[in-house]
Structure formats: structure tokens, C-alpha cells
Amino acid sequence: MIPNTDLALRNLAQHLLVSILPDLSTEYAMSDAALTGVLMNAVADEIAEGINRRLIDIEEMQMLLATCELGADERSVLSGSLPNYTLKEVNARHDALTSMLIVWHEKSEQEESLADLNLEIWRYLQRHSQRHTINAEL
């Protein structure tokens, strides 16, 4: 059996919020339990979709950075590949490309000749933030 981790976590959060929370006696305990339930749902969402979101980010960052005049070290990072699709490896690749993008974003804001790149980076950042919005539905 392959466990549906995200669904199990959502069910636990629902149990916490529906069955346990109402029986708590202090406002602090109730708010703490409610926040825990919301965070459990956010983690469930991350388990279900986090790697896919990062892979989309990686693809978009690679396309953006491919338009830049990269140095040898940057080209090496850009041409790197994922050894596997574990969260650890995907995060490492995402972080490396994000670091490069930050450098190029700074350059694009300082150099008029990179104005188009600056605009494309801002568009990417908007899509990124929409993709990674925490869904706190209970």
C-alpha cells in the first residue's frame, strides 16, 4: 500500500479542529490547536504539491537564466541536473538557481540594457508567489 500522506495529515488536522479543539478549556489552547490544524493542512499541501511547484520554478528559472550572458561557473550550475526527485535534491537545485537569479535580478535593476530581463524576473516572481501561496483551508 502506498500511503496518501497528504490526505492522512489533512484527516488528522480535521480531527484536531473538529473533535479536539471544541473540548479545550482555555483560549490559548484553542488558538494553539487551531493554528496547529492550519499548519498541518499547509504541510499536507506541501507534501502533495511542493516538489511539482519547485520543478516548475526550476524550469522557469532555467529559461530566464539561459537568456543571460553567464560566466563559466554560472553555466555549470545552469546545466546541472537533478540526480533524483527527492525533496532534498529538488530544494538544492531550486536554491542554486534562485541564488543565481537574485544576482541577475540585482544586475537587471542596475543596468538599463537588462530592463527586459528585470521585467521577466518580476513576472516570474509573481507566478512563483501565486504558485507557493499557502492554502489555509480547513
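Note that these values count all heavy atoms, side chains included, but never hydrogens, waters or copies made by symmetry. Quantities reported herein were computed from a predicted structural model and do not represent experimental measurements.
Listed by chain and residue number, D45, E46 satisfy the salt bridge (Lys or Arg N to Asp or Glu O under 4.0 Å) test with R53 (two or more places apart in sequence, or in another chain). With sequence neighbours excluded, the residues that form a side chain to side chain contact (heavy atoms under 4.5 Å, CB included) with V77 are R93, A96, L97, M100. In this view, E74 and W104 satisfy the side chain to side chain donor-acceptor pair (under 3.5 Å) rule, not counting sequence neighbours. For S31, there are no side chain to side chain contact (heavy atoms under 4.5 Å, CB included) partners two or more places apart in sequence or in a different chain. The side chain to side chain contact (heavy atoms under 4.5 Å, CB included) check on V90 picks up I51, R54, L55, I58, L82, Y85, with sequence neighbours excluded. Partners of T26 under the side chain to side chain contact (heavy atoms under 4.5 Å, CB included) rule, at least two apart in sequence or in another chain, are Y28, A29.
Heavy atoms only, all atoms of each residue included: A13 and G37 are closest at CB-O, 3.6 Å. Of all heavy-atom pairs between L17 and L21, the closest is O-CB, 3.5 Å. Closest non-hydrogen pair, D6 versus A48, comes out as OD2-CB, 3.2 Å.
Atom CD of Q14 has 12 or fewer neighbouring heavy atoms from other residues, nucleotides or ligands inside a 6.0 Å radius. Heavy-atom contacts from other residues, nucleotides or ligands closer than 6.0 Å to CD of Q130 number more than 12.
In the hydrophobic clustering (ILVMFWY side chains linked at under 4.5 Å, chained through shared members), M63 stands by itself.
The side-chain heavy atoms of I102 and E106, taken from C-beta on, include no pair separated by under 4.5 Å.
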What's the verdict on side chain to side chain contact (heavy atoms under 4.5 Å, CB included) for L12 and L16, showing C-alpha distance, side-chain angles and the deciding distance? CA-CA 6 Å; L12 288 170; L16 172 68; over 6 Å; no

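Formation of a donor-acceptor pair under 3.5 Å by the S99 side chain with backbone atoms of D95 is found in this model.
Atom CG in L9 sits 4.5 Å away from atom CE in M40 (nearest 0.5 Å). Residue E89 holds its CD atom at 10.0 Å from OG of S81, rounded to the nearest 0.5 Å. Here T98 contributes atom OG1 and N91 contributes atom CG; the two are 9.5 Å apart, rounded to the nearest 0.5 Å.
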List the atom pairs, donor and acceptor, that lie under 3.5 Å between side-chain atoms in residues 114-122 and the rest of the protein, sequence neighbours left out.
{"residue": "N118", "atom": "OD1", "partner": "H105", "partner atom": "NE2", "Å": "3.1"}
{"residue": "N118", "atom": "OD1", "partner": "S108", "partner atom": "OG", "Å": "3.3"}
{"residue": "N118", "atom": "OD1", "partner": "W122", "partner atom": "NE1", "Å": "3.2"}
{"residue": "E120", "atom": "OE2", "partner": "R123", "partner atom": "NH1", "Å": "2.7"}
{"residue": "W122", "atom": "NE1", "partner": "H105", "partner atom": "NE2", "Å": "3.1"}
{"residue": "W122", "atom": "NE1", "partner": "E109", "partner atom": "OE2", "Å": "3.3"}

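Counting only residues at least two apart or on different chains, no salt bridge (charged side-chain N to carboxylate O under 4.0 Å, His left out) pair has a member in residues 13-37. Within the structure, every pair that satisfies the side-chain hydrogen bond (donor to acceptor under 3.5 Å, both in side chains) test and touches residues 56-72, not counting sequence neighbours, is listed here: D57-H94, D57-H128, D57-R131, D57-H132, E60-R127, E60-R131.
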